[in-house]
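Quick notes on the structure that follows.
Side chains are part of it too, since the values below use all heavy atoms of this structure and drop only hydrogens, waters and symmetry mates.
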Amino acid sequence: MGELRPLGDDLPDTSRALAQALRELFEGMEVSVRRYAARHRRDPGTFSRYLNGTRLPPWRVVMDLFADLAEHRGTAVTTEAIEFVRGLYGSAVDAGSSPKHAVEILEQQLADADRISRRSTVRGDVLGDALLDRTHRIADLEVRLNQLEADRSAERERADRLAAAHPDVSDLLQERNALEAEVSRLGRELREVREQRAAAEARCDLLERQLEAVEQQHAAPALAMPTALPSAASDRGGSGSGSGSDTGSGSQALPKILIVDDQPDNLLAMRAVLETLDQDLVTVSSGREALKALLDHDDFAVIIMDVQMPEMDGYETCAHVKRRPRTRDVPIIFLTAMGVDPEHSARGYAAGAVDYISKPFDPWALRAKVAVFTSIYLERHAGR
């Protein structure tokens with residue numbers, strides 16, 4: 001475990017480029033694989049595979065290499081070097097996944113939304129027929145009551161006297177009241193079903209746009225990447241931790257994306273995937289930090305929010321966001337490790353989310369979702 005083997009000839013170009021960059025960082029520390037792995041309590045065989053390009057490391061492993069190299073040399077790592085490796089990492093993540101898999105995920109979500117829309121349509125038809133039937137029955141009862149009571153403007157006392165003289169009137173009044181209550185209930189259910197169908201149709205439209213985005217990403221030519229790692233250390237350079245808001249010159253005009261997750265690895269991985277898009281990424285690690293970020297900036301194009309977080313989970317955070325007039329229209333994508341169970345997705349939609357993606361997330365699918373919401377945001381703000 002002391003020496004690194006040559007990179008295999010069958011490595012994909014993206015894996016080779018990342019492995020070469022990681023090797024350059026590692027070799028700058030002049031330490032064996034086994035010793036370095038022990039330093040971080042990692043398996044030396046697994047770490048060796050990271051450096052050989054046969055396994056994609058978690059982003060935290062890459063950041064540890066930067067931090068350890070900076071400590072070894074006594075100088076900070078440049079932002080340029082970090083961004084270079086982040087780009088290589090994103091390309092390797094893309095190569096490890098496939099647009100085909102993203103299409104399968106999005107098509108399954110489209111099928112689910114379409115099924116909800118169709119079921120809501122059928123349910124709405126049934127409710128509409130029932131509502132019409134009850135309305136007709138009430139009309140018939142009114143005719144019968146009018147026949148028994150010539151003056152419909154009489155006060156309740158007269159209705160009571162009439163009911164005493166005609167016992168069947170009391171039964172008719174009770175039946176009419178029951179039908180009116182049922183009409184009120186059916187009306188509420190019909191409105192809910194129509195809202196459910198409208199939401200499902202909106203999701204279908206979004207998912208079709210996301211599928212088109214995946215196709216466009218796949219068809220676009222890959223950006224040429226430099227083959228040499230920039231200087232990894234500098235007398236004056238930032239550590240580039242990868243968390244917080246990117247606020248460099250020229251980033252103010254970019255659409256802002258808020259990413260909320262309590263796991264640093266997830267935040268770093270999402271940044272690595274989304275930084276290929278032209279956006280300003282803001283990352284926070286809790287629901288409370290997300291609400292604070294929304295107080296500072298209310299012009300986010302979309303929020304990506306982890307569902308399972310301590311103290312304030314995604315559902316509660318989403319409810320707070322939707323209660324604020326300035327942020328209630330910001331779309332929220334729920335990131336969930338609970339799969340795509342209908343119960344969980346329904347709860348997310350009820351909380352105010354407009355989309356969801358499962359962990360481990362597919363980079364192509366995540367980029368497509370964010371790209372579509374960003375496009376919608378830009379369309380809405382084009383005339384302002």
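Arg326 contributes atom CZ, which lies 11.0 Å from atom NE2 of His297 (distance to the nearest 0.5 angstrom). Rounding to the nearest 0.5 Å gives a distance of 9.5 Å between CG of Leu18 and CG of Leu51. Remark: Leu132 CG to Leu127 CG distance equals 12.5 Å, nearest 0.5 Å. The distance from the CG atom of Leu22 to the OG atom of Ser15 is 10.5 Å, given to the nearest 0.5 Å. Rounding to the nearest 0.5 angstrom, the gap separating the CD atom in Glu201 from the CG atom in Asp205 is 6.5 Å. The CD atom of Glu289 lies 11.0 Å from the OG1 atom of Thr317; values are rounded to the nearest 0.5 Å.
Between the side chain of Arg16 and the backbone N or O of Gly8, at least one donor-acceptor pair lies under 3.5 Å. Formation of a donor-acceptor pair under 3.5 Å by the Arg176 side chain with backbone atoms of Leu141 is not found in this model. Lys322 places a side-chain N or O within donor-acceptor distance of the main-chain N or O of Val330, the cut-off being under 3.5 Å. For the pair Glu142 (side chain) and Ile138 (backbone), a donor-acceptor distance under 3.5 Å is absent. A distance-only check finds a donor-acceptor pair linking the side chain of Gln109 to the backbone of Tyr356 [under 3.5 Å]. In this structure a side-chain-to-backbone donor-acceptor pair under 3.5 Å is missing from Ser117 to Ala200. A donor-acceptor pair is defined here as one N or O able to donate and one able to accept, closer than 3.5 Å; such a pair exists between the side chain of Thr135 and the backbone of Leu131. Here the side chain of Asp133 pairs no donor or acceptor atom with the backbone of Asp129 at under 3.5 angstrom. Between the side chain of Tyr89 and the backbone N or O of Ala269 there is no donor-acceptor pair closer than 3.5 Å.
Residue Val307 comes nearest to Asp313 through the heavy atom pair O-CB, 3.3 Å, listed as atom of the first residue, atom of the second, then distance. Taking all atoms of both residues into account, the shortest heavy-atom contact from Gly287 to Val260 is N-CG1, 4.4 Å. Nearest approach of Leu190 to Gly128, heavy atoms of both residues: CD1-N, 4.2 Å. For the residue pair Cys318 and Phe334, the shortest heavy atom distance occurs at CB-CZ, 3.8 Å. When all heavy atoms of Val284 and Ala293 are compared, the closest pair comes out as CG1-CB, 4.5 Å. Pairing each heavy atom of Ala368 with each of Val214, the nearest pair is CB-CG2, 3.5 Å.
Under 4.0 Å is where a charged nitrogen must lie from a carboxylate oxygen, and between Arg185 and Glu182 at least one such pair does. We find that Arg60 and Asp64 are not joined by a salt bridge, their nearest charged nitrogen and carboxylate oxygen being 4.0 Å or further apart. With respect to the salt-bridge test (charged N to carboxylate O, under 4.0 angstrom), the residues Asp299 and Lys256 qualify. Looking at Arg115 and Asp112, a side-chain N of the basic residue comes within less than 4.0 Å of a carboxylate O on the acidic one, giving a salt bridge. Note on Arg123 versus Glu189: salt bridge recorded, some NZ/NE/NH1/NH2 to OD/OE distance being below 4.0 Å.
A donor atom on one side chain and an acceptor atom on the other are not found under 3.5 Å apart for Asp262 and Gln308. Counted by atom type alone, Arg42 and Thr46 present zero donor-acceptor pairs between their side chains at under 3.5 Å. Defined by atom type and a distance below 3.5 Å, a donor-acceptor pair is present between the side-chain atoms of Arg197 and Thr121. With 3.5 Å as the limit, one finds no donor-acceptor pair spanning the side chains of Lys359 and Gln263. With hydrogens and angles left out, the side-chain atoms of Ser48 and Asn52 include a donor and acceptor closer than 3.5 Å. Side-chain atoms of Ser375 and Arg209 include a donor-acceptor pair closer than 3.5 Å.
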key: side chain to side chain contact (heavy atoms under 4.5 Å, CB included) between Arg194 and Arg191, worked out   = CA-CA 5 Å; Arg194 285 174 175 169; Arg191 286 192 297 273; 5.8 Å; no

Full working for side chain to side chain contact (heavy atoms under 4.5 Å, CB included) between Ile332 and Val321 = CA-CA 9 Å; Ile332 296 175; Val321 173; 4.1 Å; yes

request  = Show your working on side chain to side chain contact (heavy atoms under 4.5 Å, CB included) between Gln210 and Asp355 and close with a plain yes or no.
outcome  = CA-CA 11 Å; Gln210 291 168 12; Asp355 205 348; 2.8 Å; yes

request  = Begin with the C-alpha distance, continue with both residues' side-chain angles, and end with the deciding distance and a verdict on side chain to side chain contact (heavy atoms under 4.5 Å, CB included) for Leu186 and Arg134.
outcome  = CA-CA 9 Å; Leu186 289 170; Arg134 274 44 168 198; 4.2 Å; yes

message = Before you tell me yes or no, could you show the steps for Glu311 and Ser286 under side-chain hydrogen bond (donor to acceptor under 3.5 Å, both in side chains), namely the whole-Å CA-CA distance, both residues' side-chain angles and the distance that decides it to 0.1 Å?
response = CA-CA 8 Å; Glu311 296 183 12; Ser286 71; over 6 Å; no

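A 4.5 Å side-chain heavy-atom check between Tyr349 and Arg203 finds at least one atom pair inside the cut-off. No side-chain heavy atom of Met305 sits under 4.5 Å from any side-chain heavy atom of Leu335. For the pair Asp68/Leu25, no side-chain contact is recorded, criterion being any heavy-atom separation below 4.5 Å from C-beta on. A 4.5 Å side-chain heavy-atom check between Gln279 and Leu281 finds at least one atom pair inside the cut-off. Between Val273 and Phe361 the shortest side-chain heavy-atom distance falls below 4.5 Å. Between Thr327 and His320, every side-chain heavy-atom pair lies at or beyond the 4.5 Å cut-off. The side-chain heavy atoms of Ile304 and Leu274, taken from C-beta on, include a pair separated by under 4.5 Å. Annotation: side chain of Val282 is not in contact with side chain of Ile259 (no heavy-atom distance under 4.5 Å).
Through direct or indirect side-chain contacts shorter than 4.5 Å among Ile, Leu, Val, Met, Phe, Trp and Tyr, Leu7 is connected to Leu11.
Surrounding CZ of Arg324 are more than 12 heavy atoms belonging to other residues, nucleotides or ligands, all under 6.0 Å away. Within a 6.0 Å radius of CZ in Arg288, no more than 12 heavy atoms belonging to other residues, nucleotides or ligands are found. Environment of CG in Asp13: sparse, with no more than 12 heavy atoms of neighbouring residues, nucleotides or ligands closer than 6.0 Å.
In the hydrophobic cluster analysis, where Ile, Leu, Val, Met, Phe, Trp and Tyr join through side-chain heavy atoms closer than 4.5 angstrom, Phe84 is grouped together with Leu277. Under the 4.5 Å side-chain heavy-atom criterion for Ile, Leu, Val, Met, Phe, Trp and Tyr, Ile116 and Leu106 are members of distinct hydrophobic clusters. Phe373 and Ile105 sit in two unconnected hydrophobic clusters of ILVMFWY residues. Membership requires side-chain heavy atoms under 4.5 Å apart, directly or through other members.
Taking the six-membered ring for Trp, Phe300 and Tyr377 have ring centres at least 6.0 Å apart.
Applying the ring-ring contact (aromatic ring centres under 6.0 Å, His included) rule to Tyr36 yields the partners Phe26, His40, Phe47; only residues at least two apart in sequence or on another chain are considered.
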